[in-house]
Chemist: 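The structure's right below; bear with me while I get my questions together.
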Amino acid sequence: NPDGTTFCQINSGTVGNVAGKRIYICPTDARYTGGTLPSGDNVVIVKGNLTIEAQMTSLSANSGLVFVVEGQVGGGITVLTAVDDIRGFFITKGLFTDVDPSGYSGAQLKLTGSVIANDFAIGRILGAPLNNVTTPAEDFAYSLRYLGVFSNILGVPGISWKEVAP
């Protein structure tokens, strides 16, 4: 990394198999810079911030990717302005943003999956021929598949109590 900080690179080689599902824990910041995403159902836990620097289009129809991002002060998940297609379920207690210091003007961001965040800063501006008056700068297409596929990893089993006669 040019600034000397460490980060985890997210690609098909970074995820190890844990209990039949693929779980990867990144103790620092993480970046996705392109390339093949892990196949199958994967959970990536990031202790720092996540930056998505490239399209996430290589995720197959039978695969799922969940990012759980702690987010450091003022951070969380950043999708660079040049990125216009990401797929996955993104969770952060920090900020989800789709713009970066390079500017706010870019193509429409299409997110297939879902986002849960403490705060959102979605300020992308569409350039010509599209504009924000008639076309949204962000298009989030919810994917129900993540709730079923990842419920055994991210869900909490229900407990029921029943009073019985002594």
Side-chain angles (χ1 to χ4, degrees), residues 1-15 22 24-26 28-146 149-150:
N1 201 2
D3 61 7
T5 60
T6 58
F7 62 88
C8 300
Q9 179 65 40
I10 307 300
N11 58 38
S12 61
T14 61
V15 181
R22 301 172 70 103
Y24 179 70
I25 298 175
C26 172
T28 62
D29 289 347
R31 292 174 27 191
Y32 173 71
T33 58
T36 303
L37 289 164
S39 62
D41 297 324
N42 301 280
V43 177
V44 179
I45 300 169
V46 179
K47 298 290 186 171
N49 300 311
L50 170 65
T51 303
I52 300 171
E53 302 177 5
Q55 315 302 345
M56 297 182 99
T57 56
S58 65
L59 194 62
S60 72
N62 296 325
S63 295
L65 190 55
V66 173
F67 287 96
V68 180
V69 180
E70 183 173 328
Q72 299 303 313
V73 176
I77 301 171
T78 300
V79 180
L80 297 190
T81 309
V83 176
D84 61 15
D85 192 351
I86 62 175
R87 299 168 191 187
F89 196 88
F90 302 89
I91 303 168
T92 181
K93 71 176 187 178
L95 174 72
F96 179 90
T97 184
D98 68 342
V99 295
D100 61 75
S102 72
Y104 289 87
S105 184
Q108 180 186 55
L109 172 63
K110 180 170 184 179
L111 183 145
T112 303
S114 190
V115 178
I116 298 173
N118 187 49
D119 197 8
F120 287 85
I122 49 177
R124 197 172 283 216
I125 299 171
L126 298 179
L130 300 175
N131 61 54
N132 294 67
V133 174
T134 58
T135 304
E138 294 86 6
D139 178 9
F140 288 15
Y142 178 71
S143 178
L144 186 61
R145 116 178 260 301
Y146 289 97
V149 170
F150 292 98

Chemist: Test your reading of the model: is there a side-chain donor-acceptor pair from Asn49 to the backbone of Asp29, 3.5 Å cut-off?
Modeler: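 No, because the side chain of Asn49 does not come within donor-acceptor range (under 3.5 Å) of the backbone of Asp29.
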Chemist: Looking at CG of Leu65 and CZ of Phe89, how far apart are the two atoms once the value is rounded to the nearest 0.5 Å?
Modeler: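 Answer rounded to 0.5 Å: 12.0 Å.
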Chemist: Evaluate the side-chain proximity of Val44 to Tyr32: yes if any heavy-atom separation is below 4.5 Å, no if none is.
Modeler: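 SC-SC contact between Tyr32 and Val44 ruled out.
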Chemist: Measuring from Asn118:CG to Ile91:CD1, what's the distance to the nearest 0.5 Å?
Modeler: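 The distance works out to 13.5 Å.
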Chemist: What closest approach, in Å, do Gly94 and Ala117 show between heavy atoms, and which atom pair accounts for it?
Modeler: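 Here Gly94 and Ala117 meet closest at O-CB, 3.9 Å.
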Chemist: So Phe90 and Phe67, would you call those rings parallel, tilted or perpendicular, with 30° and 60° as cut-offs?
Modeler: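 Judged by the thresholds at 30° and 60°, the geometry between Phe90 and Phe67 is parallel.
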Chemist: If you draw a 6.0 Å radius around OH in Tyr104, do more than 12 non-hydrogen atoms from other residues or ligands fall strictly inside?
Modeler: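 Not more than 12 within 6.0 Å, no.
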Chemist: About how many Å separate CZ of Arg31 and OG1 of Thr78, when rounded to the nearest 0.5 Å?
Modeler: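 With rounding to 0.5 Å, OG1 (Thr78) is 12.5 Å from CZ (Arg31).
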Chemist: When Lys47 is tested against each of Val68, Ile25, Val69, Thr28 for side-chain contact (heavy atoms from CB on, under 4.5 Å), which residue passes?
Modeler: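 Among the candidates, only Ile25 passes.
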Chemist: To the nearest 0.5 angstrom, please state how far the CG atom of Asp98 sits from the CD1 atom of Ile77.
Modeler: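 Result: 12.0 Å between the selected atoms.
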Chemist: Do Lys110 and Asp84 touch side chain to side chain, with heavy atoms closer than 4.5 Å?
Modeler: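 No. Closest side-chain heavy atoms not under 4.5 Å.
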Chemist: For Arg124, is there an ion pair with Glu138 - N to carboxylate O distance below 4.0 angstrom?
Modeler: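 No.
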Chemist: What's the spacing between Ile122 CD1 and Leu95 CG if we round to 0.5 Å?
Modeler: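 The distance works out to 10.5 Å.
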Chemist: Let me confirm one number: the CG-OG1 distance from Asp85 to Thr112, rounded to the nearest 0.5 Å.
Modeler: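 Result: 6.0 Å between the selected atoms.
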Chemist: Does a side-chain heavy-atom distance below 4.5 Å link Leu126 with Gln108?
Modeler: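 A side-chain contact exists here, since the closest heavy-atom pair is under 4.5 Å.
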Chemist: Look at the side chain of Thr81 and the backbone N and O of Gly103, then say whether any donor-acceptor pair between them is shorter than 3.5 Å.
Modeler: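 Flag set: sc Thr81 to bb Gly103 pair under 3.5 Å.
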